[in-house]
Number of protein chains: 2
Amino acid sequence: MDDADDTSRRGLILRTAAKLFREHGYERTSVRQIAEALGMTSGSLFYHFATKEELLVTVMEEGVRDIMRGVQKGLAGESCLPERMLAMVRCHLTALLGPKLDAMTVMLYEWRSLSEPARARVLTSRDAYEELWMAPIDEAAALGLVDTDTLLVRQTALGALNWTGQWYRPDRRVGVELLAQRMFHLLFPRLAERLGSVLPQGIGLESVQTPA
Amino acid sequence: MDDADDTSRRGLILRTAAKLFREHGYERTSVRQIAEALGMTSGSLFYHFATKEELLVTVMEEGVRDIMRGVQKGLAGESCLPERMLAMVRCHLTALLGPKLDAMTVMLYEWRSLSEPARARVLTSRDAYEELWMAPIDEAAALGLVDTDTLLVRQTALGALNWTGQWYRPDRRVGVELLAQRMFHLLFPRLAERLGSVLPQGIGLESVQTPA
DNA sequence: GTCTATATGCGGATAGAC
DNA sequence: GTCTATCCGCATATAGAC
(Lines give C-alpha, C1' and ligand atoms only; values in the text may rest on other atoms or scores of the structure.)
Protein backbone atom coordinates (compact mmCIF):
# COMPACT_ATOMS: atom_id res chain seq x y z
CA MET A 1 0.00 0.00 0.00
CA ASP A 2 1.19 3.41 -0.90
CA ASP A 3 1.48 6.00 1.85
CA ALA A 4 -0.52 8.55 -0.07
CA ASP A 5 -3.44 6.13 -0.18
CA ASP A 6 -3.04 5.19 3.48
CA THR A 7 -6.13 6.48 5.19
CA SER A 8 -5.49 4.57 8.41
CA ARG A 9 -5.15 6.46 11.64
CA ARG A 10 -1.55 5.39 11.90
CA GLY A 11 -0.76 6.58 8.39
CA LEU A 12 -2.36 9.93 9.04
CA ILE A 13 -0.34 10.40 12.19
CA LEU A 14 2.86 9.53 10.38
CA ARG A 15 2.21 11.93 7.54
CA THR A 16 1.31 14.72 9.92
CA ALA A 17 4.44 14.13 11.97
CA ALA A 18 6.60 13.99 8.86
CA LYS A 19 5.20 17.30 7.67
CA LEU A 20 5.89 19.02 10.97
CA PHE A 21 9.31 17.39 11.36
CA ARG A 22 10.29 18.68 7.95
CA GLU A 23 8.89 22.15 8.45
CA HIS A 24 10.26 22.81 11.91
CA GLY A 25 12.76 20.05 12.58
CA TYR A 26 12.33 17.09 14.88
CA GLU A 27 13.54 18.75 18.07
CA ARG A 28 11.49 21.87 17.61
CA THR A 29 8.32 19.90 17.00
CA SER A 30 6.56 18.89 20.22
CA VAL A 31 4.22 15.95 20.51
CA ARG A 32 1.62 18.45 21.59
CA GLN A 33 1.94 20.23 18.21
CA ILE A 34 1.58 16.97 16.33
CA ALA A 35 -1.45 16.04 18.36
CA GLU A 36 -3.01 19.42 17.88
CA ALA A 37 -2.54 19.22 14.11
CA LEU A 38 -4.40 15.93 14.26
CA GLY A 39 -7.18 17.32 16.42
CA MET A 40 -6.27 15.20 19.40
CA THR A 41 -4.37 15.64 22.64
CA SER A 42 -0.84 14.55 23.33
CA GLY A 43 -1.84 11.66 25.56
CA SER A 44 -3.69 10.00 22.68
CA LEU A 45 -0.61 9.96 20.49
CA PHE A 46 1.14 7.65 22.89
CA TYR A 47 -1.55 5.06 22.37
CA HIS A 48 -0.25 4.70 18.79
CA PHE A 49 3.47 5.24 19.27
CA ALA A 50 5.34 4.48 22.45
CA THR A 51 7.81 7.36 22.14
CA LYS A 52 8.39 10.41 20.01
CA GLU A 53 11.50 8.77 18.61
CA GLU A 54 9.48 5.78 17.42
CA LEU A 55 7.50 8.24 15.34
CA LEU A 56 10.68 9.60 13.79
CA VAL A 57 12.15 6.18 13.11
CA THR A 58 8.97 5.00 11.45
CA VAL A 59 8.79 8.07 9.23
CA MET A 60 12.36 7.47 8.13
CA GLU A 61 12.03 3.76 7.54
CA GLU A 62 8.97 4.25 5.40
CA GLY A 63 10.84 7.00 3.58
CA VAL A 64 13.72 4.70 2.67
CA ARG A 65 11.32 1.96 1.72
CA ASP A 66 9.43 4.29 -0.59
CA ILE A 67 12.42 5.66 -2.46
CA MET A 68 13.85 2.19 -2.83
CA ARG A 69 10.60 0.92 -4.27
CA GLY A 70 10.27 3.92 -6.52
CA VAL A 71 13.72 3.55 -8.01
CA GLN A 72 13.44 -0.19 -8.42
CA LYS A 73 10.14 0.27 -10.20
CA GLY A 74 11.73 2.87 -12.46
CA LEU A 75 14.61 0.53 -13.24
CA ALA A 76 12.24 -2.28 -14.09
CA GLY A 77 10.81 -0.27 -16.96
CA GLU A 78 14.11 0.32 -18.77
CA SER A 79 16.66 -2.06 -20.19
CA CYS A 80 19.31 0.18 -21.74
CA LEU A 81 21.93 1.86 -19.64
CA PRO A 82 21.33 5.54 -20.39
CA GLU A 83 17.59 5.15 -19.92
CA ARG A 84 18.11 3.22 -16.70
CA MET A 85 20.29 5.93 -15.23
CA LEU A 86 17.87 8.63 -16.25
CA ALA A 87 15.09 6.64 -14.61
CA MET A 88 17.07 6.51 -11.37
CA VAL A 89 17.59 10.25 -11.38
CA ARG A 90 13.95 10.87 -12.16
CA CYS A 91 12.63 8.48 -9.53
CA HIS A 92 15.01 9.80 -6.90
CA LEU A 93 13.89 13.37 -7.50
CA THR A 94 10.26 12.36 -7.69
CA ALA A 95 10.51 10.72 -4.29
CA LEU A 96 12.43 13.61 -2.80
CA LEU A 97 10.45 16.50 -4.25
CA GLY A 98 7.05 14.95 -4.88
CA PRO A 99 4.33 13.64 -2.58
CA LYS A 100 6.87 11.94 -0.29
CA LEU A 101 8.80 15.15 0.22
CA ASP A 102 8.22 15.29 3.95
CA ALA A 103 9.36 11.80 4.82
CA MET A 104 12.30 11.94 2.43
CA THR A 105 13.57 15.24 3.75
CA VAL A 106 13.26 14.05 7.32
CA MET A 107 15.17 10.91 6.43
CA LEU A 108 18.00 12.87 4.83
CA TYR A 109 18.34 15.67 7.36
CA GLU A 110 17.14 14.50 10.76
CA TRP A 111 19.06 11.27 11.29
CA ARG A 112 21.31 12.90 13.87
CA SER A 113 18.35 13.10 16.20
CA LEU A 114 18.20 9.32 16.41
CA SER A 115 19.62 7.29 19.25
CA GLU A 116 22.60 5.16 18.35
CA PRO A 117 20.79 1.86 17.64
CA ALA A 118 18.02 3.51 15.64
CA ARG A 119 20.55 5.51 13.69
CA ALA A 120 22.45 2.39 12.79
CA ARG A 121 19.31 0.72 11.48
CA VAL A 122 18.21 3.69 9.39
CA LEU A 123 21.65 4.34 7.95
CA THR A 124 21.99 0.68 7.05
CA SER A 125 18.78 0.90 5.05
CA ARG A 126 19.99 4.09 3.41
CA ASP A 127 23.25 2.37 2.49
CA ALA A 128 21.27 -0.42 0.88
CA TYR A 129 19.44 2.12 -1.23
CA GLU A 130 22.59 3.89 -2.29
CA GLU A 131 24.08 0.55 -3.19
CA LEU A 132 21.43 0.29 -5.90
CA TRP A 133 23.25 3.02 -7.76
CA MET A 134 26.51 1.14 -8.02
CA ALA A 135 25.56 -1.39 -10.69
CA PRO A 136 24.58 1.13 -13.37
CA ILE A 137 27.48 3.40 -12.51
CA ASP A 138 29.98 0.55 -12.63
CA GLU A 139 28.54 -0.55 -15.92
CA ALA A 140 28.88 2.95 -17.31
CA ALA A 141 32.44 3.17 -16.05
CA ALA A 142 33.33 -0.08 -17.80
CA LEU A 143 32.11 1.49 -21.03
CA GLY A 144 34.13 4.64 -20.41
CA LEU A 145 31.00 6.75 -20.00
CA VAL A 146 31.72 7.94 -16.46
CA ASP A 147 34.82 8.35 -14.33
CA THR A 148 36.25 5.10 -13.01
CA ASP A 149 36.12 6.34 -9.43
CA THR A 150 32.59 5.09 -9.28
CA LEU A 151 32.09 5.65 -5.57
CA LEU A 152 32.88 9.31 -5.96
CA VAL A 153 30.61 9.49 -8.97
CA ARG A 154 27.78 8.16 -6.86
CA GLN A 155 28.44 10.49 -3.94
CA THR A 156 28.64 13.47 -6.26
CA ALA A 157 25.45 12.62 -8.09
CA LEU A 158 23.45 11.79 -4.97
CA GLY A 159 24.78 14.88 -3.25
CA ALA A 160 23.63 17.15 -6.03
CA LEU A 161 20.25 15.41 -6.15
CA ASN A 162 19.73 15.40 -2.42
CA TRP A 163 20.65 19.05 -2.14
CA THR A 164 17.74 19.98 -4.39
CA GLY A 165 15.62 19.57 -1.27
CA GLN A 166 17.29 22.71 0.02
CA TRP A 167 16.37 25.00 -2.83
CA TYR A 168 13.76 23.48 -5.11
CA ARG A 169 10.24 24.76 -4.58
CA PRO A 170 7.32 23.01 -6.24
CA ASP A 171 4.50 24.85 -8.01
CA ARG A 172 7.01 26.24 -10.49
CA ARG A 173 7.26 26.23 -14.23
CA VAL A 174 10.11 23.76 -14.02
CA GLY A 175 8.59 20.50 -12.90
CA VAL A 176 10.41 17.57 -11.40
CA GLU A 177 10.42 15.77 -14.72
CA LEU A 178 12.31 18.51 -16.52
CA LEU A 179 14.61 19.06 -13.58
CA ALA A 180 15.51 15.38 -13.67
CA GLN A 181 16.38 15.52 -17.36
CA ARG A 182 18.58 18.55 -16.89
CA MET A 183 20.41 17.21 -13.88
CA PHE A 184 20.94 13.91 -15.63
CA HIS A 185 22.49 15.87 -18.45
CA LEU A 186 24.77 17.76 -16.07
CA LEU A 187 25.82 14.79 -13.96
CA PHE A 188 26.18 12.17 -16.69
CA PRO A 189 26.93 14.10 -19.87
CA ARG A 190 28.44 11.21 -21.77
CA LEU A 191 25.49 9.00 -20.94
CA ALA A 192 23.08 11.73 -21.94
CA GLU A 193 24.69 11.93 -25.37
CA ARG A 194 23.66 8.36 -25.95
CA LEU A 195 20.02 9.13 -25.42
CA GLY A 196 17.91 9.30 -28.54
CA SER A 197 16.25 12.64 -28.10
CA VAL A 198 18.38 15.70 -27.74
CA LEU A 199 17.35 17.52 -24.59
CA PRO A 200 16.56 21.20 -24.73
CA GLN A 201 19.16 23.14 -22.86
CA GLY A 202 19.02 26.32 -20.88
CA ILE A 203 15.55 27.65 -21.36
CA GLY A 204 16.32 29.40 -18.11
CA LEU A 205 15.61 28.16 -14.62
CA GLU A 206 13.90 31.19 -13.15
CA SER A 207 12.48 28.88 -10.54
CA VAL A 208 15.73 28.52 -8.62
CA GLN A 209 15.57 30.38 -5.36
CA THR A 210 16.91 30.47 -1.87
CA PRO A 211 14.92 28.57 0.72
CA ALA A 212 12.35 30.65 2.52
CA MET B 1 42.21 37.88 12.18
CA ASP B 2 41.67 34.26 11.37
CA ASP B 3 39.46 32.24 13.64
CA ALA B 4 42.02 29.52 14.09
CA ASP B 5 44.44 32.09 15.50
CA ASP B 6 41.79 33.65 17.69
CA THR B 7 42.82 32.98 21.25
CA SER B 8 40.34 35.42 22.74
CA ARG B 9 37.81 34.16 25.21
CA ARG B 10 35.06 34.97 22.78
CA GLY B 11 36.75 33.07 19.97
CA LEU B 12 37.24 30.04 22.15
CA ILE B 13 33.60 30.03 23.16
CA LEU B 14 32.50 30.28 19.55
CA ARG B 15 34.71 27.44 18.41
CA THR B 16 33.58 25.25 21.28
CA ALA B 17 29.94 25.99 20.56
CA ALA B 18 30.42 25.34 16.83
CA LYS B 19 32.02 21.98 17.55
CA LEU B 20 29.17 20.88 19.80
CA PHE B 21 26.51 22.28 17.49
CA ARG B 22 27.95 20.28 14.63
CA GLU B 23 28.40 17.09 16.61
CA HIS B 24 25.02 17.01 18.29
CA GLY B 25 22.94 19.64 16.56
CA TYR B 26 21.92 23.00 17.93
CA GLU B 27 18.77 21.93 19.76
CA ARG B 28 20.36 18.94 21.42
CA THR B 29 23.28 20.99 22.71
CA SER B 30 22.54 22.74 25.99
CA VAL B 31 24.30 25.85 27.18
CA ARG B 32 25.33 23.78 30.18
CA GLN B 33 27.22 21.40 27.89
CA ILE B 34 28.97 24.26 26.14
CA ALA B 35 29.91 25.81 29.46
CA GLU B 36 31.16 22.50 30.80
CA ALA B 37 33.33 21.95 27.74
CA LEU B 38 34.85 25.36 28.47
CA GLY B 39 35.34 24.64 32.15
CA MET B 40 32.80 27.20 33.27
CA THR B 41 29.21 27.24 34.40
CA SER B 42 26.21 28.14 32.32
CA GLY B 43 25.67 31.49 34.01
CA SER B 44 29.08 32.69 32.88
CA LEU B 45 28.28 32.10 29.23
CA PHE B 46 25.54 34.68 29.34
CA TYR B 47 28.07 37.31 30.24
CA HIS B 48 29.54 36.86 26.75
CA PHE B 49 26.42 36.14 24.70
CA ALA B 50 22.96 37.36 25.59
CA THR B 51 21.14 34.28 24.29
CA LYS B 52 21.91 30.85 22.96
CA GLU B 53 20.65 31.93 19.57
CA GLU B 54 23.15 34.78 19.47
CA LEU B 55 25.82 32.14 19.78
CA LEU B 56 24.41 30.28 16.81
CA VAL B 57 24.01 33.36 14.68
CA THR B 58 27.58 34.44 15.37
CA VAL B 59 28.97 31.02 14.49
CA MET B 60 27.11 31.12 11.21
CA GLU B 61 28.00 34.66 10.27
CA GLU B 62 31.65 34.01 10.86
CA GLY B 63 31.28 30.82 8.84
CA VAL B 64 29.92 32.66 5.82
CA ARG B 65 32.54 35.35 6.19
CA ASP B 66 35.32 32.76 6.25
CA ILE B 67 34.23 30.83 3.18
CA MET B 68 33.67 34.06 1.29
CA ARG B 69 37.13 35.27 2.16
CA GLY B 70 38.68 31.93 1.35
CA VAL B 71 37.12 31.72 -2.09
CA GLN B 72 37.88 35.35 -2.92
CA LYS B 73 41.46 34.80 -1.92
CA GLY B 74 41.63 31.70 -4.10
CA LEU B 75 40.17 33.61 -7.03
CA ALA B 76 42.70 36.39 -6.62
CA GLY B 77 45.53 33.97 -7.33
CA GLU B 78 44.26 32.80 -10.72
CA SER B 79 43.46 34.66 -13.90
CA CYS B 80 42.38 31.96 -16.36
CA LEU B 81 38.91 30.52 -16.26
CA PRO B 82 39.59 26.82 -15.69
CA GLU B 83 42.08 27.58 -12.94
CA ARG B 84 39.69 30.03 -11.34
CA MET B 85 36.89 27.52 -11.22
CA LEU B 86 39.17 24.86 -9.81
CA ALA B 87 40.28 27.33 -7.16
CA MET B 88 36.67 27.93 -6.18
CA VAL B 89 36.00 24.23 -5.81
CA ARG B 90 39.19 23.74 -3.82
CA CYS B 91 38.57 26.69 -1.51
CA HIS B 92 34.98 25.74 -0.95
CA LEU B 93 35.93 22.21 0.05
CA THR B 94 38.82 23.44 2.15
CA ALA B 95 36.50 25.68 4.11
CA LEU B 96 33.87 23.00 4.47
CA LEU B 97 36.09 20.03 5.31
CA GLY B 98 39.14 21.69 6.83
CA PRO B 99 39.71 23.63 10.03
CA LYS B 100 36.44 25.54 9.64
CA LEU B 101 34.43 22.36 9.36
CA ASP B 102 32.38 22.99 12.48
CA ALA B 103 31.22 26.49 11.66
CA MET B 104 30.61 25.65 8.01
CA THR B 105 28.55 22.57 8.76
CA VAL B 106 26.50 24.46 11.29
CA MET B 107 25.90 27.22 8.76
CA LEU B 108 24.72 24.77 6.11
CA TYR B 109 22.58 22.50 8.24
CA GLU B 110 21.27 24.39 11.26
CA TRP B 111 19.75 27.50 9.76
CA ARG B 112 16.24 26.23 10.41
CA SER B 113 16.88 26.73 14.11
CA LEU B 114 17.10 30.47 13.62
CA SER B 115 14.29 32.88 14.32
CA GLU B 116 12.85 34.58 11.28
CA PRO B 117 14.90 37.80 11.34
CA ALA B 118 18.17 36.01 12.08
CA ARG B 119 17.47 33.49 9.36
CA ALA B 120 16.87 36.24 6.84
CA ARG B 121 20.19 37.84 7.69
CA VAL B 122 22.20 34.63 7.48
CA LEU B 123 20.55 33.47 4.28
CA THR B 124 21.17 36.83 2.69
CA SER B 125 24.87 36.47 3.43
CA ARG B 126 24.83 32.95 2.05
CA ASP B 127 23.15 34.21 -1.10
CA ALA B 128 25.89 36.77 -1.50
CA TYR B 129 28.47 34.02 -1.30
CA GLU B 130 26.70 31.83 -3.83
CA GLU B 131 26.44 34.82 -6.11
CA LEU B 132 30.25 34.75 -6.35
CA TRP B 133 29.93 31.57 -8.38
CA MET B 134 27.83 33.10 -11.11
CA ALA B 135 30.49 35.15 -12.88
CA PRO B 136 32.82 32.23 -13.67
CA ILE B 137 29.92 29.96 -14.54
CA ASP B 138 28.36 32.54 -16.84
CA GLU B 139 31.71 33.09 -18.47
CA ALA B 140 32.13 29.38 -19.03
CA ALA B 141 28.62 29.13 -20.44
CA ALA B 142 29.38 31.91 -22.92
CA LEU B 143 32.32 29.84 -24.14
CA GLY B 144 30.17 26.72 -24.43
CA LEU B 145 32.06 24.98 -21.64
CA VAL B 146 29.09 24.44 -19.33
CA ASP B 147 25.34 24.21 -19.79
CA THR B 148 23.64 27.52 -20.44
CA ASP B 149 21.26 27.03 -17.53
CA THR B 150 23.86 28.55 -15.28
CA LEU B 151 21.72 28.77 -12.16
CA LEU B 152 21.12 25.05 -12.27
CA VAL B 153 24.80 24.45 -12.90
CA ARG B 154 25.60 26.37 -9.76
CA GLN B 155 22.98 24.62 -7.63
CA THR B 156 24.15 21.24 -8.85
CA ALA B 157 27.81 21.94 -8.21
CA LEU B 158 27.27 23.53 -4.81
CA GLY B 159 24.91 20.73 -3.86
CA ALA B 160 27.45 18.05 -4.64
CA LEU B 161 30.17 19.99 -2.82
CA ASN B 162 28.05 20.77 0.23
CA TRP B 163 26.93 17.19 0.52
CA THR B 164 30.52 16.05 1.01
CA GLY B 165 30.04 17.23 4.59
CA GLN B 166 27.71 14.28 5.02
CA TRP B 167 30.10 11.55 3.99
CA TYR B 168 33.69 12.78 3.81
CA ARG B 169 35.84 11.91 6.80
CA PRO B 170 39.25 13.51 7.22
CA ASP B 171 42.35 11.53 8.19
CA ARG B 172 42.02 9.54 4.97
CA ARG B 173 44.35 8.79 2.10
CA VAL B 174 42.30 11.05 -0.11
CA GLY B 175 42.92 14.57 1.06
CA VAL B 176 40.79 17.59 0.38
CA GLU B 177 43.15 18.70 -2.37
CA LEU B 178 42.73 15.53 -4.39
CA LEU B 179 39.02 15.40 -3.70
CA ALA B 180 38.69 18.92 -5.07
CA GLN B 181 40.49 18.00 -8.29
CA ARG B 182 38.33 14.97 -8.84
CA MET B 183 35.07 16.72 -8.15
CA PHE B 184 36.09 19.58 -10.41
CA HIS B 185 36.66 16.99 -13.09
CA LEU B 186 33.24 15.43 -12.52
CA LEU B 187 31.28 18.67 -12.28
CA PHE B 188 33.04 20.69 -14.98
CA PRO B 189 34.46 18.11 -17.40
CA ARG B 190 34.83 20.46 -20.35
CA LEU B 191 36.62 23.02 -18.21
CA ALA B 192 38.87 20.32 -16.79
CA GLU B 193 39.94 19.35 -20.29
CA ARG B 194 41.34 22.82 -20.72
CA LEU B 195 43.63 22.44 -17.76
CA GLY B 196 47.26 21.81 -18.58
CA SER B 197 47.96 18.76 -16.49
CA VAL B 198 45.90 15.67 -17.04
CA LEU B 199 44.40 14.61 -13.76
CA PRO B 200 44.81 11.06 -12.59
CA GLN B 201 41.51 9.28 -12.60
CA GLY B 202 40.06 6.55 -10.47
CA ILE B 203 42.82 5.44 -8.16
CA GLY B 204 39.90 4.31 -6.04
CA LEU B 205 38.22 6.21 -3.29
CA GLU B 206 38.26 3.68 -0.49
CA SER B 207 37.71 6.57 1.84
CA VAL B 208 34.06 7.00 0.98
CA GLN B 209 31.89 5.83 3.81
CA THR B 210 28.60 6.38 5.46
CA PRO B 211 28.54 8.92 8.23
CA ALA B 212 29.06 7.51 11.70
C1' DG C 1 34.38 37.56 34.61
C1' DT C 2 32.85 33.79 37.05
C1' DC C 3 30.30 31.76 40.62
C1' DT C 4 25.81 29.85 43.09
C1' DA C 5 21.17 29.70 43.35
C1' DT C 6 17.01 29.97 41.36
C1' DA C 7 12.90 31.60 38.57
C1' DT C 8 10.03 29.84 35.10
C1' DG C 9 8.32 27.28 31.46
C1' DC C 10 8.05 23.49 28.33
C1' DG C 11 9.36 18.99 27.14
C1' DG C 12 8.13 13.79 26.96
C1' DA C 13 5.65 10.52 29.10
C1' DT C 14 2.12 8.16 32.43
C1' DA C 15 -2.37 6.98 34.99
C1' DG C 16 -6.82 6.21 35.00
C1' DA C 17 -11.63 7.72 33.74
C1' DC C 18 -14.82 7.33 29.97
C1' DG D 1 -9.08 5.23 21.29
C1' DT D 2 -9.31 9.50 23.32
C1' DC D 3 -9.65 12.37 27.17
C1' DT D 4 -7.93 15.08 31.53
C1' DA D 5 -4.68 15.71 34.82
C1' DT D 6 -0.26 15.41 36.28
C1' DC D 7 4.62 13.85 37.22
C1' DC D 8 9.15 15.09 36.65
C1' DG D 9 13.28 16.57 34.52
C1' DC D 10 15.75 19.70 31.85
C1' DA D 11 15.95 23.86 29.27
C1' DT D 12 17.14 28.99 28.95
C1' DA D 13 17.89 32.80 31.35
C1' DT D 14 18.40 35.98 35.55
C1' DA D 15 20.02 37.99 40.17
C1' DG D 16 23.32 39.09 43.02
C1' DA D 17 27.57 37.76 45.65
C1' DC D 18 32.50 37.57 45.06
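Protein chains get the first letters and strands the later ones, always in sequence-line order, with residue 1 at the start of each. Hydrogens, waters and symmetry mates are skipped; everything else that's a heavy atom, side chains included, is used.
- Classification of the A:Y109-B:W163 ring pair by plane angle, with boundaries at 30° and 60°, yields perpendicular.
- One interatomic measurement links the two molecules: CG of B:L20 to P of D:dA11, which rounds to 13 Å at whole-angstrom precision.
- Side-chain nitrogen and oxygen atoms of A:S44 include at least one within less than 4.0 Å of the OP1 or OP2 phosphate oxygen of D:dC3.
- Looking at heavy atoms from C-beta onward, B:L45 lies in side-chain contact with B:I34 at the 4.5 angstrom threshold.
- The side chain of A:T41 places no N or O atom within less than 4.0 Å of a non-bridging phosphate oxygen (OP1 or OP2) of D:dT2.
- Contact of the A:H48 side chain with the A:E54 side chain is not registered, since no non-hydrogen atoms from C-beta on lie closer than 4.5 Å.
- Contact record, B:L86 with B:A180: CD1-O, 4.3 Å, taken as the closest heavy-atom pair.
- Distance NE2 (B:H24) to P (D:dA11): 13 Å, rounded to an integer number of Å.
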### Query
Which parts of nucleotides 12-18 of chain C does protein reach within less than 4.0 Å, heavy atoms only, written one letter per nucleotide 5' to 3' as B for base, S for sugar-phosphate only and - for none?
BBB----

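- Listed pair B:R28 / D:dA11 fails the phosphate criterion, with no side-chain N or O lying under 4.0 Å from OP1 or OP2.
- Ring orientation note: the planes of B:W133 and B:Y129 are nearly perpendicular, at an angle over 60° on the 30°/60° scale.
- Only one option out of A:T29, A:I13, A:V31 pairs with A:L55 in a side-chain contact (heavy atoms from CB on, under 4.5 Å); it is A:I13.
- The interatomic distance linking B:L38 (CG) with C:dG1 (P) rounds to 15 Å, in whole Å.
- Under a 4.0 Å N-O distance rule, the pair A:R112/A:E27 does not qualify as a salt bridge.
- Between A:L55 atom CG and C:dG11 atom C1' the separation is 15 Å, expressed in whole Å.
- The distance from atom NE2 of B:H48 to atom C1' of D:dA13 is 15 Å, rounded to the nearest whole Å.
- The separation between B:L56 atom CG and D:dA13 atom P is 12 Å, rounded to whole Å.
- One finds no side-chain N or O of A:Y47 lying less than 4.0 angstrom from the OP1 or OP2 phosphate oxygen of D:dT2.
- As a whole-Å value, the separation of A:E36 CD from C:dC10 C1' is 15 Å.
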